[in-house]
Amino acid sequence: MNDSLAVEAVAPYVRGRFGKPYLYEAECESTQLLLLGSGLPEGAVAATDHQTGGRGRLGRRWEATPASSVLVSVLLHPQQERHLPELSLVAALAATEAVEAATGLSAQIKWPNDVMLNRRKVAGILSELSNGSVVVGIGINVNQGRDELPAEAPTEPGSLRTLTGATYDRAALLGSLLFRLERIYGGWRHGGLTDLYGEIGARDFLRGRRITVDGEPATALQILRDGRLEIETDSGEQRAIESGEVRHER
Ligand code: BTN
């Protein structure tokens with residue numbers, strides 16, 4: 001499919017405030033860099049068809065073959081008092097819903113910010129803070145073939161195509177993502193995670209799974225109402241974690 005995320009391809013799918021303005025470059029280092037410190041209004045979006053230095057969480061790289069993925073960053077200006085780590089879950093819920101709407105399948109949120117489809121990671125989220133604003137970067141693996149996915153990823157990757165056999169219009173998927181993110185983020189601005197918790201909890205991928213947290217073995221209990229992950233360590237201690245590298249058993 002010879003599609004692109006250029007403005008003329010995406011504009012017909014931009015239904016709300018998110019995506020205005022819309023910054024597009026056919027290739028760039030990272031869409032995050034186009035928005036960090038930009039001073040643009042909330043809902044400004046940067047998208048590309050290829051990143052030469054895509055950023056992942058925990059200092060990793062985010063690799064995607066050209067014209068295969070949704071690679072987008074969204075600028076948000078949340079209220080000062082809000083608990084910002086919750087924003088990753090807000091974005092993960094929006095990406096999960098967009099993946100579900102496109103594929104017709106159920107997707108899950110792997111705390112804190114991965115989207116899982118059929119036990120494979122199909123999307124990741126990176127939130128970066130600058131001067132009180134947050135740039136939320138979302139990468140969705142869409143049309144990659146099996147041999148185009150990273151071989152050495154901590155969570156086994158998949159794309160919508162490898163998992164369903166179909167190819168997808170990335171511009172339409174991006175429009176759907178922005179529309180959902182605007183609605184879900186609006187709910188979060190208004191009332192935090194309270195009204196979103198049912199939707200997040202219902203898609204909790206780790207619940208009940210054997211995991212390691214920064215190398216320590218444990219069982220994931222649940223995502224809590226404040227966005228933290230409740231775990232039980234093998235020594236029987238229950239605690240809530242705010243961040244960290246969580247790996248699950250396959
Ligand atoms: C992760 O799972 O490690 C987070 C990946 C986030 C990738 C997206 S792609 C668009 C935006 N630009 C980047 O450089 N990173 C994010």
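First listed ligand is number 1; within each ligand, the first listed atom is number 1.
- Looking at V72 against ligand 1, only its backbone comes within 4.0 Å, counting heavy atoms.
- By the 30° and 60° cut-offs, the orientation of the rings of Y185 relative to F18 is tilted.
- For the pair R183 and F179, the NZ or CZ position fails the cation-pi test of under 6.0 Å to the six-membered ring centre and within 45 degrees of the ring normal.
- Closest to atom 15 (N) of ligand 1 by heavy atom, among Q32, R55, Q51, R61, is R55.
- Below 4.0 Å from some heavy atom of G54 lie the following atoms of ligand 1, by number and element: 14 (O).
- Looking at R60 against ligand 1, nothing comes within 4.0 Å, counting heavy atoms.
- Those atoms of ligand 1 with a heavy atom of S73 less than 4.0 angstrom away are 11 (C).
- The proximity of I138 to ligand 1, defined as any non-hydrogen pair under 4.0 Å, is limited to the backbone.
- The side chain to side chain contact (heavy atoms under 4.5 Å, CB included) test with P78 singles out one residue from L129, L87, V90, and that residue is L87.
- Of the protein's heavy atoms, T31 OG1, 3.3 Å lies nearest to atom 11 (C) of ligand 1.
- Near S30, the atoms of ligand 1 lying under 4.0 angstrom from a non-hydrogen atom of the residue are 12 (N), 13 (C), 14 (O).
- The protein heavy atom nearest to atom 1 (C) of ligand 1 is R57 N, 3.6 Å.
- With hydrogens and angles ignored, the 3.5 Å screen pairs no side-chain donor or acceptor of R15 with any backbone N or O of G175.
- A side-chain hydrogen bond (donor to acceptor under 3.5 Å, both in side chains) with R203 is found for one member of E97, E100, Q108 and no other, namely E100.
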>> Could you walk me through whether E128 and R55 satisfy the salt bridge (charged side-chain N to carboxylate O under 4.0 Å, His left out) test, starting with their C-alpha distance in whole Å, then the side-chain angles of each, then the deciding distance to 0.1 Å, before giving a yes or no?
In response: CA-CA 10 Å; E128 294 185 278; R55 301 177 177 193; 2.7 Å; yes
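- Nearest protein neighbour of atom 5 (C) of ligand 1, counting heavy atoms only, is W62 CE3, 3.4 Å.
- Counting heavy atoms of neighbouring residues, nucleotides and ligands inside a 6.0 Å radius, atom CG of N131 does not exceed 12 of them.
- In terms of protein heavy atoms, atom 2 (O) of ligand 1 is closest to K121 NZ, 2.7 Å.
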